[in-house]
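So you know, we letter chains A, B, ... as the sequences are listed, proteins then strands, and number each from 1.
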Protein chains: 2
Amino acid sequence: MAYAEQYIEKLRKSGLRPTKQRIKICEVLFDAEKTFHFTIKELVKIIENQANIKVSLATVYNTVHAFMKKGYLKEIPLNASQSYYDTNVTHHHHFFDEEENKLIDIHQDDVDEVNIKRTIPGKKIRSVEVIAKIVSDNQSQK
Amino acid sequence: MAYAEQYIEKLRKSGLRPTKQRIKICEVLFDAEKTFHFTIKELVKIIENQANIKVSLATVYNTVHAFMKKGYLKEIPLNASQSYYDTNVTHHHHFFDEEENKLIDIHQDDVDEVNIKRTIPGKKIRSVEVIAKIVSDNQSQK
DNA sequence: TCAACAGTTTAGAATAAATATAATATATTA
DNA sequence: TAATATATTATATTTATTCTAAACTGTTGA
């Protein structure tokens, strides 16, 4: 199956018609060999550099949100001024480098399963995310 | 030691002079029997209702940030439109109820220690936070 | 007592992310 | 292809947060 067809399917499943702009967004997000982290602003910049088509902010926001809702993208819980998204939707965790403002994946196997002994009546856990904030370790320099 | 003196000490240690406004903020944040979660907007509203003194948004932001820097408050990593803060600075975790937009503390003892096997050269872990998102469990109704 | 000053408070302006709007353009369908 | 339903876009709006500059407070030292 050609890439374009995969994208059209992803879009349709997300309740979106496949348009030039949306397919371009798919190319950037899902073509990559590796998964990656991005902000809306970064995504728009990548598209601008790669493509000969123009995509407005609104379209990018709408498309990203539709993919999130469908589970093709994940939002990473961070207290940043802008939202960070992840094309890796498998269960995994993150380091956040506070000095370089960069996210690093932590594979699920690298974290023992997080076992929460407490429950809330009438509620179930939908997701468990671990954020480990990291900084330079100057002690290790000596 | 009277409460006011504790607050004055907290303020001085945070590099702030004890002023009427700042002491009022301390009263709201640190007088409570229990620790609690709040947004800046909520904090301002509480002060408005309780106090006969006026406190501007800027003063609240500045004071909260100074307390954060000193470790008297913690920011909770959430992708919300506004920042959530916690007066409980002990090591603990959170449920986030996505339907009611409410935070619930999870005591450290209720989570087995999160053991991250991966390391990043030259970096050390400063904090590890677990956010468990919860939703209604309709299955349990039957 | 007062002048000088360092730090505060405040209202309002500025910034920036995210969302809404409404006119125009495009895709789908029958 | 015509009719319709949905998308795209530029622009305006909203909202949290930060910045600014002027007025204020309290302390110190002559």
Both A:Ala58 and B:Ser81 contact DNA chain D. Taking the nearest nucleotide for each, which residue is further toward the 5' end?
A:Ala58
Nearest to the B:Gln21 side chain among D:dA7, C:dT10, D:dA16, which nucleotide is it?
C:dT10
Between A:Lys54 and D:dT9, does any side-chain N or O lie under 4.0 Å from OP1 or OP2?
no
Among D:dT9, C:dT8, D:dT18, the nucleotide that comes nearest once only the side chain of B:Arg22 is considered
C:dT8
Answer yes or no: does a side-chain N or O of B:Thr59 lie under 4.0 Å from OP1 or OP2 of C:dT8?
no
Report the C-alpha separation of A:Lys54 and A:Glu48 in whole Å, then their side-chain angles, then the decisive distance to 0.1 Å, and conclude whether the salt bridge (Lys or Arg N to Asp or Glu O under 4.0 Å) test is met.
CA-CA 7 Å; A:Lys54 178 131 200 351; A:Glu48 265 177 18; 5.6 Å; no
With a 4.0 Å cutoff (strictly under), does any side-chain N or O of A:Ser83 reach OP1 or OP2 of C:dA18?
yes
Ignoring backbone atoms, establish whether B:His65 has a side-chain N or O less than 4.0 Å from OP1 or OP2 of D:dT17.
no
At under 4.0 Å, does any side-chain N or O of B:Thr19 touch on OP1 or OP2 of C:dT8?
no
Can you tell if the side chain of A:His94 reaches within under 4.5 Å of the side chain of A:His37, non-hydrogen atoms only?
yes
Between B:Arg118 and A:Val111, is there a donor-acceptor pair closer than 3.5 Å when you use the side chain of the first and the backbone of the second?
no
Checking contacts here: which listed nucleotide (C:dA6, C:dA18, C:dA20) is nearest the side-chain heavy atoms of B:Arg17?
C:dA6
Rounded to the Å, how far apart are B:Arg12 CZ and D:dG26 C1'?
12 Å
Considering only C:dA11, D:dT9, C:dA17, which nucleotide approaches the side chain of A:Tyr61 most closely?
C:dA17
With nearest nucleotides of DNA chain D determined for B:Gln82 and A:Ile53 from heavy-atom distances, which residue corresponds to the more 5′ nucleotide?
A:Ile53
note: A:Ile40, atom CD1; C:dA16, atom C1'; distance rounded to Å ~ 14 Å
Whole-Å distance, A:Ile8 CD1 to C:dA27 P, equals 11 Å
Measure CD/A:Glu75 against C1'/C:dA18 and give the value in whole Å, please.
11 Å
Are A:Phe38 and A:Ile76 linked, directly or through other ILVMFWY residues, by side chains that come within less than 4.5 angstrom of each other?
no
Hey, does A:Leu16 reach any base, or is it just sugar-phosphate, or nothing, if we go heavy atoms under 4.0 Å?
sugar-phosphate
Please state how far atom CG in B:Asn62 lies from atom P in C:dT9, giving the value in whole angstrom units.
8 Å
Interatomic distance where OH belongs to A:Tyr84 and P belongs to C:dA17 [whole Å]
11 Å
Given atom CG of B:Leu57 and atom P of C:dT10, what is their separation to the nearest angstrom?
10 Å
Cation-pi geometry met for A:Lys102 and A:Phe96 (6.0 Å, 45°)
no
Length of the line joining A:Lys41:NZ and C:dA17:C1', which is rounded to integer Å:
9 Å
